[in-house]
Visitor: 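Quick one: the structure is below, questions incoming.
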Amino acid sequence: MDRLTLTRPDDWHLHLRDGAALAAVLPHTAQRFARAIVMPNLKPPVTTTAQALAYRARILAALPRGAVFTPLMTLYLTDNTTPQEIAEAKASGHIAAVKYYPAGATTNSESGVTDLKKTYAALGAMEQHDMPLLMHGEVTDGGVDVFDREKIFIEHHLSDLVKRFPKLRIVFEHITTQEAVEFVREAPGAVAATITAHHLLLNRNAIFEDGVRPHHYCLPVLKREKHRAAVLGAAVSGNPKFFLGTDSAPHGRRAKETACGCAGVYTAHAGIELYAEAFEQAGALDKLEGFASFFGADFYRLPRNTDSITLVKQAWDVPREYAFGDDALIPLRAGRPVGWALD
Ligand code: NCD
Ligand code: ZN
């Protein structure tokens with residue numbers, strides 16, 4: 001197969017940032033995806049409906065002329081998020097979900113949740129208003145090995161949460177382990193998961209290939225090969241609980257190539273092409289459309305897109321860098337080929 005026409009996909013987990021960074025990255029996503037769930041981890045975080053609507057307006061204003069793209073906004077859950085805020089978010093019609101970051105887990109998560117119990121009133125309101133909860137599923141306890149943080153999160157928090165709020169729709173974001181795959185597969189229907197392209201294509205060796213590779217550092221961190229294989233197996237399984245979320249997370253070169261580099265891999269420049277590579281490697285290109293274009297929309301109870309994109313099997317070299325405000329952005333595969341291209 002060297003041409004693949006798909007219903008236009010959506011990205012169910014994306015970091016767009018703000019200002020010059022937003023303007024730099026948004027065209028890549030808008031070229032490929034019809035909609036994206038936009039993460040709220042700005043500085044300061046997007047914790048109120050008013051802030052989310054203002055951010056939405058800035059995204060729409062930054063769109064290239066003629067682009068058709070719908071940002072689906074999220075609120076950043078804190079210890080202090082009130083049930084009224086959830087009701088207001090739902091009533092706005094533009095807020096699709098609420099994002100949980102454990103305090104200190106990742107980029108701009110300082111205002112995240114310190115104890116899930118503190119959010120039970122908000123989670124109850126979300127269950128009542130049918131507002132999905134998107135979870136960064138990692139514990140932050142310094143005593144837990146960084147490669148085990150997702151597995152321990154399931155054992156310590158997620159197993160209990162799905163029982164306590166059985167109607168709450170939960171997306172276990174950017175899953176990276178066999179344990180997460182098994183948990184989601186066996187969990188009740190209200191639980192789904194997003195999967196990134198980089199976790200399908202890379203295992204943790206990529207962080208240390210001939211030296212330390214800051215552009216392969218993200219959270220949750222890349223895992224060993226058996227986990228990559230399990231996550232790929234889930235993505236190509238045709239199970240609608242698993243769908244596309246790039247977690248494209250741009251940081252300027254200076255913030256990545258330094259003594260204490262930020263977590264995040266930038267993939268929006270090849271946001272669907274990289275998935276085509278992974279699905280082709282698994283011999284499952286026929287499963288890409290469900291994963292990329294149908295299952296997420298169905299989970300969010302939004303209509304499937306009606307237009308299409310065509311991918312061609314034609315290698316192209318990724319630029320070594322993109323402009324990024326007063327810095328540069330180093331994309332995944334910088335200076336190297338991607339096997340599929342947008343027609
Ligand atoms: C994300 C970011 O940079 O905002 N980084 C990442 O490594 N994925 C935050 C996140 O989703 O954890
Ligand atoms: Zn993310």
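Order of appearance sets the numbers: ligands from 1, and atoms from 1 within every ligand. Worth saying up front: this structure is predicted, and the values here are computed from it rather than measured.
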Visitor: Looking at ligand 1, is there an atom of it that comes within less than 4.0 Å of some heavy atom belonging to Arg17?
Guide: yes
Visitor: Hey, which atoms in ligand 1 end up nearer than 4.0 Å to a heavy atom of Gly264?
Guide: 5 (N), 6 (C), 7 (O)
Visitor: When you look for heavy atoms under 4.0 Å from ligand 1, do you find them on the side chain of His251, its backbone, both, or neither?
Guide: side chain
Visitor: Just wondering, is there an N, O or S atom on Asp247 that's nearer than 2.8 Å to the Zn ion (ligand 2)?
Guide: yes
Visitor: My understanding is that only residues two or more places apart in sequence, or in another chain, count here; which of them pass ring-ring contact (aromatic ring centres under 6.0 Å, His included) with His157?
Guide: Phe153
Visitor: What is the nearest protein non-hydrogen atom to atom 7 (O) of ligand 1, stated with its residue, atom name and distance?
Guide: Leu219 N, 2.8 Å
Visitor: Could you tell me the residue and atom name of the protein heavy atom closest to atom 11 (O) of ligand 1, and the distance to it rounded to 0.1 Å?
Guide: His15 NE2, 3.1 Å
Visitor: Checking only N/O/S atoms, does His136 have one that is under 2.8 Å from the Zn ion (ligand 2)?
Guide: no
Visitor: Hey, is Lys223 close enough to Glu150 for a salt bridge, meaning N to O under 4.0 Å?
Guide: no
Visitor: Please could you name the atoms of ligand 1 that Thr106 approaches to less than 4.0 Å, counting only its heavy atoms?
Guide: 5 (N), 9 (C), 10 (C), 12 (O)
Visitor: Angle at the Zn ion (ligand 2) between NE2 of His15 and NE2 of His13, to 10°?
Guide: 110°
Visitor: Which residue and non-hydrogen atom of the protein lie closest to atom 8 (N) of ligand 1, and at what distance in Å?
Guide: Asp247 OD2, 2.8 Å
Visitor: Check His136 against ligand 1 and report side chain, backbone, both or neither, counting heavy atoms closer than 4.0 Å.
Guide: side chain
